[in-house]
Amino acid sequence: MKKVAKSKKIKEKIPVKDKSKEYSFFQDVWSVARQIPKGRVTSYGAIANYLGTKLSARMVGWAMNGASLAKPKVPAQRVVNRNGMLSGKMHFETATRMQELLEKEGIRVENDKVTDFQKLFWDPLKELGL
DNA sequence: GCATTGACGAAGG
DNA sequence: CCCTTCGCCAATG
């Protein structure tokens, strides 16, 4: 994979558990996130599950923390928690940025959560493989 | 190097 | 049904 964008906040350091692996967990997460179809959403747990670390959904969230540093941009707004809630909206440029992006794609957001989340849910395991 | 935290999630009370 | 605890793993203090 390409090198990750240089960051001043997180330096250029990318968490890599095993150097023998050419990818980092971050990049994998971003990779999956970019494949989320427009107008669809998924959850941190689903991505974690796809990466084989479903018990580490928190790491996905952590990875998304650096999503804003990724290039091309990662549609982090399409990634919500298992409840369909925009748990990460506060990490966007503005508190309303995430919702705006989602509504722009035709996703209805109500009270900080995606309506019809279950219907719009996009499971990488089901859609990409398996 | 231990303790706390976190864009999560499942299980238990 | 709401709240607490625990697990997961990496970063941060």
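Basis for what follows: all heavy atoms, side chains included, without hydrogens, waters or symmetry-related copies. So you know, we letter chains A, B, ... as the sequences are listed, proteins then strands, and number each from 1.
Partners of Lys89(A) under the side chain to side chain donor-acceptor pair (under 3.5 Å) rule, at least two apart in sequence or in another chain, are Asp112(A). By the side chain to side chain donor-acceptor pair (under 3.5 Å) test, Glu105(A) pairs with Gln77(A), Arg78(A), sequence neighbours left out. A search for side chain to side chain donor-acceptor pair (under 3.5 Å) contacts involving Gln35(A) returns nothing, not counting sequence neighbours.
Grouping Ile, Leu, Val, Met, Phe, Trp and Tyr residues whose side-chain heavy atoms lie under 4.5 Å apart, directly or via other members, places Leu101(A) in a hydrophobic cluster with Val41(A), Val80(A), Leu86(A), Phe92(A), Met98(A), Leu102(A), Ile107(A), Val109(A), Val114(A), Phe117(A), Leu120(A), Phe121(A).
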| note | Given protein heavy atoms under 4.0 Å, the one-letter contact record of nucleotides 6-13 of chain B, with B base, S sugar-phosphate only and - none, is simply BBBSS---

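Between the P atoms of dT5(B) and dT4(C), the separation comes to 15 Å (whole Å). Distance check on atom P: dT4(B) versus dT5(C) gives 14 Å, rounded to whole Å. With both ends at atom P, the span from dA3(B) to dC6(C) equals 15 Å, rounded to whole Å.
If you measure from atom CD1 of Ile47(A) to atom P of dC9(C), you get 18 Å, rounded to the nearest angstrom.
Between the Asp116(A) side chain and the Lys119(A) main chain, no donor and acceptor come within less than 3.5 Å of each other.
Listed by first and then second residue, the salt bridge (charged side-chain N to carboxylate O under 4.0 Å, His left out) pairs that reach into residues 49-64 of chain A come to none, sequence neighbours excluded.
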